[in-house]
**Q** 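Can you read through this structure? Questions will come right after.
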Number of protein chains: 2
Amino acid sequence: MRSYGQYCAAAKALDVIGDRWTLLIVRELLARGACRYTDLRDGLPGIATNLLADRLRQLEEAGVVSREEAPPPIATALFRLTLRGEELRAVIDELVRWGIPFMVDGPNGDAFRAHWFVLPAELALTDRAPQRPPVTIEVRTGDAPLLIETVDGSVRARQGAAEDADAVVTGTPHVVAGLLSGRLALDDAVALGLDCEGDVRALRRVLPRSPA
Amino acid sequence: MRSYGQYCAAAKALDVIGDRWTLLIVRELLARGACRYTDLRDGLPGIATNLLADRLRQLEEAGVVSREEAPPPIATALFRLTLRGEELRAVIDELVRWGIPFMVDGPNGDAFRAHWFVLPAELALTDRAPQRPPVTIEVRTGDAPLLIETVDGSVRARQGAAEDADAVVTGTPHVVAGLLSGRLALDDAVALGLDCEGDVRALRRVLPRSPA
DNA sequence: CAGCATCCGCTTTGATACTG
DNA sequence: CAGTATCAAAGCGGATGCTG
């Protein structure tokens, strides 16, 4: 990116992460952890492959991302956030918070990946019974299952399935977005087609009080 | 901006504020309040005038900025953030926080406007003696004076001069940045050319404990 | 002078094809 | 799998001109 040439902290930050696609690459690495090139490309539908390569090089140069060449047998490189890159979580979190209202409309032809709900889920959900034994909830929406777990009073989300989830909810991205963000109460989500199996109390324990 | 076409809160947010210059326009309105077109242009050195007009129109359409036509005698329009626009403060704040380390190098040919220190100052300074009577500090650096005031235990900053400031500090943007961010202790800043007149205790009351 | 709109050359991006 | 190469289209930057 061309530098703004301004002695201003915000402008300097944008000199590094203000390019198109750059913050979405950071989003991918925050939501999924270390990724291969192909994982990134799959999580960033629409990006041109040369742009992905360019951006990764710039981010590496800026000290935001590190490229980790795996040993010969594996023969695949891993990209991960450096400490400096992890510090962008606060920026992305606020961006996500600001962007959540736009999710009300639902995806109208938009691409969707389930792990895009990881960051908003961690922002919106809370463990309201931290003294009770931890619970695991599996969310099935879009291309892959999502796991939501209570850990030490906070809520962690990640891609993956569980064999012994306390509850399993299944629904369209639109309804799941409404549920996780607190826009929809559980009953309303069910009325809109959400399927909820297992221990509903485990679910209610972490859902935000709606309407948010 | 072309939409990313992703059903993701961060991507949706960037669809609106991810264009080049857009967040810097928001920075201007956050740091200075309502601005005329010409004020914005002056606070955004390097922007092409047509881009400023374009961005303002997009931001207005997105409900982030409102254009207020002043009554006939004044004949000048004012741009201000809407409530939705004000909510971007959290995003800009995190961006500023992340960008502050880049200020260590000093402006190497970068443009500078004193009001660019308003947001970082409010982020970094705290009133450590809220029970005592409020103080006012004038900071002279760059193109215009800056006022820093304690209000109800917090610290507000804005453009402007005071007739009766408790303290007046004068220095280069580089040294002032170091002082405000806590990278430089007051003594070190003075050794680097900072001039400090008046009640030094008023200053120490709000400065971050260095090294930050 | 404030607030743009137009034009033009350059850079960045997007889509696709191709390679080690 | 992990990119590079190519090229058209879009966006940006700078200059200038227009209008109340």
Side-chain angles (χ1 to χ4, degrees), chain A residues 1-6 11 14-25 28-29 32 34-62 65-80 109-111, chain B residues 1-6 11 14-25 28-29 32 34-62 65-80 109-111:
Chain A
M1 158 167 283
R2 258 183 85 90
S3 168
Y4 285 106
Q6 300 186 355
L14 289 173
D15 281 348
V16 175
I17 48 125
D19 262 323
R20 191 160 162 78
W21 291 107
T22 301
L23 274 178
L24 292 187
I25 293 175
E28 286 298 305
L29 294 170
R32 310 214 287 180
C35 285
R36 293 173 304 173
Y37 186 89
T38 332
D39 299 330
L40 288 172
R41 201 178 44 182
D42 178 71
L44 295 162
I47 198 173
T49 67
N50 58 342
L51 273 192
L52 178 54
D54 281 358
R55 296 292 184 266
L56 285 171
R57 217 171 302 136
Q58 294 169 227
L59 285 171
E60 204 185 341
E61 236 173 284
V65 161
S66 72
R67 175 189 315 245
E68 192 177 307
E69 299 290 348
I74 303 194
T76 180
L78 277 184
F79 298 91
R80 67 175 73 241
D110 285 346
Chain B
M1 156 168 285
R2 258 182 85 89
S3 167
Y4 285 107
Q6 300 186 355
L14 289 173
D15 280 348
V16 174
I17 48 130
D19 261 322
R20 192 160 163 78
W21 292 108
T22 302
L23 274 177
L24 293 187
I25 293 174
E28 286 298 304
L29 294 170
R32 309 215 288 181
C35 284
R36 294 174 302 173
Y37 186 88
T38 333
D39 299 329
L40 287 172
R41 202 178 45 183
D42 178 71
L44 296 162
I47 198 174
T49 67
N50 57 339
L51 275 192
L52 179 53
D54 282 357
R55 295 293 184 266
L56 285 171
R57 216 171 303 131
Q58 294 169 225
L59 285 171
E60 204 185 341
E61 236 173 286
V65 161
S66 71
R67 174 190 317 245
E68 192 177 308
E69 299 290 349
I74 303 194
T76 180
L78 276 183
F79 299 90
R80 68 174 73 243
D110 284 345

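Convention: sequence-line order gives letters A, B, ...; per-chain numbering from 1.
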**Q** Within the structure, does a side-chain N or O atom of B/R67 lie under 4.0 Å from either OP1 or OP2 of C/dA2?
**A**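 Answer is no, no contact under 4.0 Å.
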**Q** What is the ring orientation for A/Y37 with A/F79, classed by angle as parallel under 30°, tilted 30 to 60°, or perpendicular over 60°?
**A**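 It falls in the tilted class, 30° to 60°.
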**Q** Within this structure, what is the CG-to-C1' distance between A/L52 and D/dA5, rounded to whole angstrom?
**A** 16 Å
**Q** Give each protein N/O atom lying under 3.5 Å from an N/O atom of nucleotides 11-15 of chain D, with the pair distance.
**A**
from: D/dC12; atom 1: OP1; to: B/R55; atom 2: NH2; distance (Å): 2.9
from: D/dC12; atom 1: OP2; to: B/R55; atom 2: NH2; distance (Å): 2.9
from: D/dG13; atom 1: OP1; to: B/R20; atom 2: NE; distance (Å): 2.7
from: D/dG13; atom 1: OP1; to: B/R20; atom 2: NH2; distance (Å): 3.1
from: D/dG13; atom 1: OP2; to: B/W21; atom 2: NE1; distance (Å): 2.9
from: D/dG14; atom 1: OP2; to: B/G46; atom 2: O; distance (Å): 3.4
from: D/dG14; atom 1: O6; to: B/N50; atom 2: ND2; distance (Å): 3.4

**Q** Enter the distance from B/L44:CG to B/E28:CD here, rounded to the nearest 0.5 Å.
**A** 4.5 Å
**Q** Starting from C1' on C/dA2, measure out to CG on B/D39 and report it in whole angstrom.
**A** 10 Å
**Q** Just verifying a value: how many Å separate B/E61 CD and B/L56 CG, rounded to the nearest 0.5 Å?
**A**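 Going from CD on B/E61 over to CG on B/L56, the span is 12.0 Å.
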**Q** I'd like to check A/Q6 versus B/L24 (side-chain heavy atoms, cut-off strictly below 4.5 Å). Are they in contact?
**A**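 A/Q6 reaches B/L24 side chain to side chain.
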**Q** Please report, rounded to the nearest Å, how far the P atom of C/dA2 is from the CG atom of B/D42.
**A**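 It is 10 Å, rounded to the nearest whole Å.
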**Q** Between the axis at one end of the helix from C/dC1-D/dG20 to C/dG20-D/dC1 and the axis at the other (five pairs apiece), what's the angle to 10 degrees?
**A** 30°
**Q** Please give, in whole Å, the distance from C/dC4 P to B/L44 CG?
**A** 14 Å
**Q** Are A/R80 and A/V65 close enough that some pair of their side-chain heavy atoms sits under 4.5 Å apart?
**A** no
**Q** Rounded to whole Å, please give me the gap between CD in B/E68 and C1' in C/dG3.
**A**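 Those two atoms, CD and C1', are 16 Å apart.
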**Q** Should B/R20 and A/R20 count as side-chain neighbours, where that means a heavy-atom distance under 4.5 Å?
**A** no
**Q** Please give, in whole Å, the distance from C/dC7 P to B/D54 CG?
**A** 14 Å
**Q** Between P on D/dG20 and OH on B/Y37, what's the gap in Å once rounded to a whole number?
**A**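 My rounded result for the distance is 17 Å.
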**Q** Please find the pair of heavy atoms, one from B/R32 and one from B/G43, that lie closest to each other, and give the distance.
**A** NH2-N, 4.3 Å
**Q** For a 4.5 angstrom cut-off between non-hydrogen side-chain atoms, does A/W21 reach A/L52?
**A** no
**Q** Taking the side chain as every heavy atom from C-beta outward, state whether B/L29 and B/L40 have any atom pair closer than 4.5 Å.
**A** yes
